[in-house]
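A quick write-up on the structure given underneath.
Counting from 1, the numbers follow the sequence of the chain as shown.
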Amino acid sequence: MATLRNQLKVFLVVAPQFEDVAKDCFKDLGITVSSGHRFLGGVIGTREYCRNFMKQKVEYWTECVTKVSKAAIRAPQAAFSTMTKSLQCEWEFVQRVVPDCAETFVPLQHAITEQFFPSLLGGVVAVEEKRLFQLPTSLAGLSIYDPTETAVHAYKTSKQGTATVSEAIKGLIAFQHEQHLESLTTARKMRTKAKEDDFILKFESIIPSFSPDRQRALRRSLKGKTSTWLNVLPLQNYHFDLSPLQFRDGLAIRYLRDPPCLPPRCDGCGTALTLQHALDCKKGGLVIQRHNEIRDCIGDIASQVWTHVIKEPVVREADVNNADDGLRLDLGIRGVWQPQVEALFDVKVIDTDAP
């Protein structure tokens, strides 16, 4: 038998009451008989065996979150990408193939809220903020979901989506690929719609706990769809990698929090320094420098597509007697709308949360 060439890798999982009988039947073949074993990234076996398996997995993930939290102190953007793009996906997969495992994720949830979030933002995180961060970025969250909640629905959705395959394996129906794809698509759509509705209800229940100013900022983030930057990988070649200060300042503006390590006084005018003042001050707010950085960034990206990109093109020459009569824009890019026709762009920096 080809499947028995390497007998040490053959496992037979049976119910506990049949374990002794199975061992006696297969003793000459050297098959390992047990009441549980890992299988395709998940586990099959008795409830107790599955619980112990999940407990070990959660302990490992909790340790990983602790390590990522320590890394987030110095590299918050990289740690955030690690959590959302990689680590979180590991337990979400296992949740789809192991039933009734929600309660085992409580230590992991505690590590996320009590270790990772404070390290990511560089300061104390309030209870209502922790709840908000566990919503999608499109709903002003951080897309770091509560594993105790995702576990409840993940297995059910997976089971509904693979119902055709399960029935075909049992011999109840003849397998049809089109029918399987249809049931899989239907299950995904139903779960996606249910998640969206649930997230919206949570957002509306959380937002009243914030001050009116912060409510306005959160709703602006939602309606303005200003969350794309959080979903971008920190690629250095495209200048998408942000320094710890830049990343945390971005989160501070998004959630209207005071940035960490904010000086007590503005170095430009001496006024008490707050986030609002830092964005508005013409002396210490570095408005011109922020404007020029945006202009240069757009120009660099445009130069990868179009060959003729110039900064500060002259629209109207200044009068000899009146220097203020001249007119310059920020960028001139040839070929954007029509071939060989120059399009002019002007950059403006505004404070979207100004009173």
Requested in this report: Evaluate salt bridge (charged side-chain N to carboxylate O under 4.0 Å, His left out) for Glu149 paired with Lys202, printing each intermediate quantity in order.
Outcome: CA-CA 13 Å; Glu149 294 185 359; Lys202 287 182 178 179; 2.3 Å; yes
Query raised in the report: For Thr32 and Phe26, what are the C-alpha separation, side-chain angles and deciding distance, and is it a side chain to side chain contact (heavy atoms under 4.5 Å, CB included)?
Result: CA-CA 9 Å; Thr32 302; Phe26 295 98; over 6 Å; no
**Report entry** Audit row: Ser205, Arg131, side chain to side chain contact (heavy atoms under 4.5 Å, CB included) steps and yes/no
**Finding:** CA-CA 10 Å; Ser205 66; Arg131 295 175 58 203; 3.8 Å; yes
Report task. Could you walk me through whether Gln304 and Asp300 pass the side chain to side chain contact (heavy atoms under 4.5 Å, CB included) test, one step at a time? Result -> CA-CA 7 Å; Gln304 298 181 26; Asp300 290 342; 5.6 Å; no
Requested in this report: Under the side chain to side chain contact (heavy atoms under 4.5 Å, CB included) rule, what do Ile112 and Asp146 come out as? Steps first, then yes or no, please.
Outcome: CA-CA 9 Å; Ile112 293 173; Asp146 183 348; over 6 Å; no
Report task. Run the numbers on Phe210 and Tyr255 for ring-ring contact (aromatic ring centres under 6.0 Å, His included), then give the verdict. Result -> CA-CA 10 Å; Phe210 293 96; Tyr255 296 110; 8.2 Å; no
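More than 12 heavy atoms of other residues, nucleotides or ligands lie within 6.0 Å of NZ in Lys85, so this atom counts as buried by the packing criterion. Atom CD of Gln17 is surrounded by more than 12 heavy atoms from other residues, nucleotides or ligands within 6.0 Å. The number of heavy-atom neighbours closer than 6.0 Å to CD of Glu182, taken from other residues, nucleotides and ligands shown, is 12 or below.
Chaining together hydrophobic side chains whose heavy atoms lie under 4.5 Å apart leaves Val21 on its own.
Scored by the side chain to side chain donor-acceptor pair (under 3.5 Å) test, Thr164 finds Ser183 as partners (sequence neighbours excluded). In this view, Asp24 and Lys27 satisfy the salt bridge (charged side-chain N to carboxylate O under 4.0 Å, His left out) rule, not counting sequence neighbours. Partners of Cys269 under the side chain to side chain contact (heavy atoms under 4.5 Å, CB included) rule, at least two apart in sequence or in another chain, are Cys266, Thr271, His277, Cys281, Lys283. Residues passing the ring pair (Phe, Tyr, Trp, His ring centres under 6.0 Å) test with Tyr145 are Phe199, sequence neighbours excluded. The ring pair (Phe, Tyr, Trp, His ring centres under 6.0 Å) check on Phe240 picks up Tyr238, with sequence neighbours excluded. For Arg47, the salt bridge (charged side-chain N to carboxylate O under 4.0 Å, His left out) partners at least two apart in sequence or on another chain are Asp100. Legend: residues meeting side chain to side chain donor-acceptor pair (under 3.5 Å) with Thr66, ordered by chain and number and at least two apart, are Gln115. In this view, Arg219 and Glu204 satisfy the salt bridge (charged side-chain N to carboxylate O under 4.0 Å, His left out) rule, not counting sequence neighbours. With sequence neighbours left out, the side chain to side chain donor-acceptor pair (under 3.5 Å) criterion links Glu114 to Lys130. Scored by the side chain to side chain donor-acceptor pair (under 3.5 Å) test, Lys57 finds no partners at all (sequence neighbours excluded). By the salt bridge (charged side-chain N to carboxylate O under 4.0 Å, His left out) test, Arg96 pairs with no residue at all, sequence neighbours left out.
Counting only heavy atoms from C-beta outward, the side chains of Gln109 and Thr113 approach each other to under 4.5 Å. Using a 4.5 Å cut-off on side-chain heavy atoms (C-beta onward), Ile144 and Gln134 make no contact.
The two atoms that bring Gln246 and Asp241 nearest to each other are OE1-O, 4.5 Å, heavy atoms only. Closest approach of Leu222 to Ser138, counting heavy atoms only: CG-O, 3.8 Å. Pro313 and Leu344 make their closest contact through CG-CD2, 3.8 Å (heavy atoms, listed as atom of the first residue, atom of the second, distance). Here the closest non-hydrogen pair linking Gly42 and Val98 is CA-CG2, 4.2 Å. Across Ile200 and Leu139, no two heavy atoms sit closer than the pair N-CD1, 3.9 Å.
Arg254 places a side-chain N or O within 3.5 Å of a backbone atom of Gly141 that can act as its donor or acceptor partner. Checked by atom type and distance alone, the side chain of Tyr155 never pairs as donor or acceptor with a backbone atom of Pro99 at under 3.5 Å. Between the side chain of Asp198 and the backbone N or O of Ala194, no donor-acceptor pair lies under 3.5 Å. Remark: side-chain polar atoms of Ser227 are paired, donor with acceptor, to backbone N or O of Thr137 under 3.5 angstrom. A distance-only check finds a donor-acceptor pair linking the side chain of Thr82 to the backbone of Ala78 [under 3.5 Å].
Hydrophobic clustering keeps Val97 apart from Leu184 (ILVMFWY residues linked when any side-chain heavy atoms are closer than 4.5 Å, directly or through intermediates). A chain of hydrophobic side-chain contacts below 4.5 Å, direct or via other Ile, Leu, Val, Met, Phe, Trp or Tyr residues, connects Ile298 to Phe345. Transitive grouping of hydrophobic side chains (ILVMFWY, heavy atoms separated by less than 4.5 Å) brings Val305 and Trp337 into a common cluster.
Exactly one of Phe203, Phe117, Phe116 qualifies for a ring-ring contact (aromatic ring centres under 6.0 Å, His included) with Phe133. That residue is Phe117. Exactly one residue among His291, Lys348, Lys311 makes a side chain to side chain donor-acceptor pair (under 3.5 Å) with Asp330. That residue is His291.
With salt bridges taken as basic N to acidic carboxylate O contacts below 4.0 Å, one links Lys23 and Glu19. A salt bridge links Glu129 with Arg214: the closest approach of a Lys/Arg side-chain nitrogen to an acidic carboxylate oxygen falls below 4.0 angstrom. Under a 4.0 Å N-O distance rule, the pair Arg51/Glu103 qualifies as a salt bridge.
Here the CG-CG distance, from Asp267 to Leu273, works out to 8.0 Å after rounding to the nearest 0.5 Å. Atom CD of residue Gln88 and atom CD of residue Glu92 lie 4.5 Å apart, to the nearest 0.5 angstrom.
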